[in-house]
Amino acid sequence: MSVACCVPVVECVYCLGCVRWVWKKFLYTAGRESENWGLAIASEFEPVPRFCRYIMAVYVDDIRNPISTPPGGYGIDPDWVIVKKSHEDTQGKVSPYLIYVDHQNTDIVVAIRGLNMAKDSDFLVLLDDKLGQAEFDGGYVHNGLLKAAEWVWEAESQLLRELVERYPDYTLTFAGHSLGAGVVTLLTMLTVKNREKLGLLDRKRIRCFAIAPTRCVSLNLAVRYADIINSVVLQDDFLPRTTVALEHAFKSLICFPCLMCIMCLKDTFTMEEKMLKDPRRLYAPGRLYHIIVRKPFRYMKFHCHKQIRKIKW
């Protein structure tokens, strides 16, 4: 009888514990993740909005006659778009992309768009990965994104060589968003590994901006390429943080919240030291910039504070 009387008490304590955990998670904001990082200076972050516009231009079918434009336009001179490829052109091997010579900023830009929810081929690229499946340069990378990057490299490396030799003072910049961010990350790494095919291009002339990237490289590679790869994460963005295998995530969309809840619980009770010891675990690439735009329960713009924080490995 005394044991039976304790059961409701145990249930109440358990429920209160669960409620407390959920409440703490609800109050949690990603700003705490980077609260000990240094603040980025304006000059190093200055090109990011420009590259975001170039990435947005890839979404447009006709860059000379766009149906709509963002405030200020795309910042692109259509006469200097050297290559612009669609899903049909790439046969679904990689998202659409463009190669643009930015004479105003002395840049040769390769920009790749993000995931197209209407294209099965984009999902197939994301789902083509298993833990430890693809090795690269002494570490591990996302298998599907590596294949996509290799496709672009094979298709455009000769053109890129011609451009970097024609414009020896220009920087070769790779920029992408979401799915495209993962592709440009691995394309940048392929370029660094094969610089002799671009006429021994100086490493200092190569850089990459990955906007909201998926986790695509192991920690040792993230550190090794931090001098040229820059990841930009906005507030609580989901994709750069998820440790859920994307294959499982998309196959369980009918109960996706359940899957996320289980994975969050697992990560909560897994020691950080243990996670860092797994060499196959993938991370967001390179140097990280974290944009903080609001505090909890503050949604209106005039209540926001904005900081751009960075971590240098």
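How far CE of Met189 is from CG of Leu187: 11.0 Å, rounded to the nearest 0.5 Å. The distance from atom CD1 of Ile76 to atom CG of Leu98, rounded to the nearest 0.5 Å, is 5.0 Å. Rounded to the nearest 0.5 Å, atoms CG (Asp102) and CG (Asp77) are 9.5 Å apart. Remark: Trp153 CH2 to Leu186 CG distance equals 13.5 Å, nearest 0.5 Å. Rounding to the nearest 0.5 angstrom, the gap separating the CD atom in Gln158 from the CG atom in Leu160 is 9.5 Å. How far CZ of Arg224 is from CD1 of Ile229: 11.0 Å, rounded to the nearest 0.5 Å.
Judged by distance alone, with hydrogens and angles left aside, the side-chain atoms of His142 form a donor-acceptor pair with the main-chain N or O of Leu145 at under 3.5 Å. With hydrogens and angles disregarded, no donor-acceptor distance shorter than 3.5 Å links the side chain of Asn143 to the backbone of Ala134. Side chain of Asn194 to main chain of Lys197: no donor-acceptor pair is present (N/O by atom type, distance under 3.5 Å, no hydrogens or angles). Side-chain atoms of Ser231 do not come within 3.5 Å of backbone N or O of Gly286 as any donor-acceptor pair. Side-chain atoms of Asp128 do not come within 3.5 Å of backbone N or O of Leu124 as any donor-acceptor pair. A donor-acceptor distance shorter than 3.5 angstrom exists from the side chain of Gln133 to the backbone of Lys130, with no hydrogens or angles considered. Judged purely by atom type and a 3.5 angstrom limit, Glu44 uses its side chain to pair as donor or acceptor with the backbone of Ile41. Tyr59 places a side-chain N or O within donor-acceptor distance of the main-chain N or O of Gly114, the cut-off being under 3.5 Å. In this structure, the side chain of Asn230 does not engage the main chain of Leu288 through any donor-acceptor pair within 3.5 Å.
Linking Ile, Leu, Val, Met, Phe, Trp and Tyr residues whenever their side-chain heavy atoms come within less than 4.5 Å places Val109 and Val192 in a single cluster. Leu190 and Leu200 fall into different hydrophobic clusters, where Ile, Leu, Val, Met, Phe, Trp and Tyr residues are linked whenever their side-chain heavy atoms come under 4.5 Å apart, directly or through other members. Cluster membership check: Leu282 does not share its hydrophobic cluster with Leu146, using side-chain heavy-atom separations under 4.5 Å among Ile, Leu, Val, Met, Phe, Trp and Tyr. Hydrophobic clustering keeps Leu179 apart from Val233 (ILVMFWY residues linked when any side-chain heavy atoms are closer than 4.5 Å, directly or through intermediates).
Taking the ring centre of Tyr140 as origin, the terminal cationic atom of Arg280 falls outside the region bounded by 6.0 Å and 45° from the ring axis. Taking the ring centre of Tyr74 as origin, the terminal cationic atom of Arg53 falls outside the region bounded by 6.0 Å and 45° from the ring axis.
Aromatic ring centres of Phe209 and Phe174: separated by at least 6.0 Å. Ring centers of Tyr54 and Tyr100: under 6.0 Å apart, within the cut-off.
Under the 4.5 Å side-chain criterion, counting only non-hydrogen atoms from C-beta, His177 is not in contact with Arg113. Annotation: side chain of Val217 is not in contact with side chain of Phe136 (no heavy-atom distance under 4.5 Å). When side chains are defined from C-beta on, Ser218 counts as touching Leu221, because their heavy atoms get closer than 4.5 Å. Between Ser121 and Lys93 there is no side-chain heavy-atom pair separated by less than 4.5 Å. At least one side-chain heavy atom of Cys216 sits under 4.5 Å from a side-chain heavy atom of Pro285. Residues Phe51 and Ile211 are not in side-chain contact: their nearest non-hydrogen atoms beyond the backbone lie 4.5 Å or more apart. At a threshold of 4.5 Å between non-hydrogen side-chain atoms, the residues Leu159 and Ile99 count as touching. Val101 is listed as a side-chain neighbour of Tyr170, based on a closest heavy-atom distance under 4.5 Å.
Salt bridge annotation for Arg205-Asp169: absent, with no cationic side-chain nitrogen under 4.0 angstrom from a carboxylate oxygen. Taking a cutoff of 4.0 Å between a charged side-chain nitrogen and a carboxylate oxygen, Arg50 and Asp107 qualify as a salt bridge. Salt bridge status for Lys204 with Asp202: absent, with no side-chain N to carboxylate O gap under 4.0 Å. Taking a cutoff of 4.0 Å between a charged side-chain nitrogen and a carboxylate oxygen, Lys85 and Glu156 qualify as a salt bridge. The pair Lys84-Asp89 does not meet the salt-bridge criterion, since no charged nitrogen lies less than 4.0 angstrom from a carboxylate oxygen. The pair Glu88-Lys119 meets the salt-bridge criterion, with a side-chain N (NZ, NE, NH1 or NH2) lying under 4.0 Å from an Asp/Glu carboxylate O.
Environment of CG in Asp62: crowded, with over 12 heavy atoms of neighbouring residues, nucleotides or ligands closer than 6.0 Å. The environment of CD in Gln104 is sparse: at most 12 heavy-atom neighbours from other residues, nucleotides or ligands sit within 6.0 Å.
Here the rule is side-chain contact (heavy atoms from CB on, under 4.5 Å) with Thr188, and of Leu172, Ile228, Val110, Thr173 only Ile228 fits it.
Contact detail for Phe123 and Asn116: the closest heavy-atom pair is CE1-O, 4.2 Å. Closest of all the heavy-atom pairs between Ser43 and Pro47 is O-CD, 3.9 Å. Taking each heavy atom of Val125 and Ala148 in turn, the nearest pair found is CG1-CB, 4.4 Å. Between Ala149 and Val183, the closest heavy-atom pair is CB-O, 3.7 Å. For the residue pair Thr90 and Ser95, the shortest heavy atom distance occurs at CG2-O, 4.5 Å.
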Next on the checklist: As a quick check of understanding, evaluate salt bridge (Lys or Arg N to Asp or Glu O under 4.0 Å) for Arg64 and Asp79, giving each step before the final call.
Outcome noted: CA-CA 9 Å; Arg64 294 183 181 275; Asp79 292 333; 2.8 Å; yes

Checklist entry - Checking salt bridge (Lys or Arg N to Asp or Glu O under 4.0 Å) for the pair Arg287/Asp227: CA distance, chi angles, key distance, verdict? => result CA-CA 7 Å; Arg287 179 189 297 138; Asp227 60 319; over 6 Å; no

Item to check | CA sep, side-chain torsions, deciding dist, call: Thr185, Tyr225, side-chain contact (heavy atoms from CB on, under 4.5 Å) | outcome: CA-CA 9 Å; Thr185 293; Tyr225 287 89; over 6 Å; no

Checklist entry - side-chain contact (heavy atoms from CB on, under 4.5 Å) between Ile206 and Leu201: does it pass, once the steps are laid out? => result CA-CA 8 Å; Ile206 305 170; Leu201 179 67; 3.5 Å; yes

Item to check | Worked check of side-chain contact (heavy atoms from CB on, under 4.5 Å) between Ile112 and Val58 | outcome: CA-CA 7 Å; Ile112 304 182; Val58 185; over 6 Å; no

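For the residue pair His87 and Asp122, a side-chain donor N or O sits within less than 3.5 Å of a side-chain acceptor on the partner.
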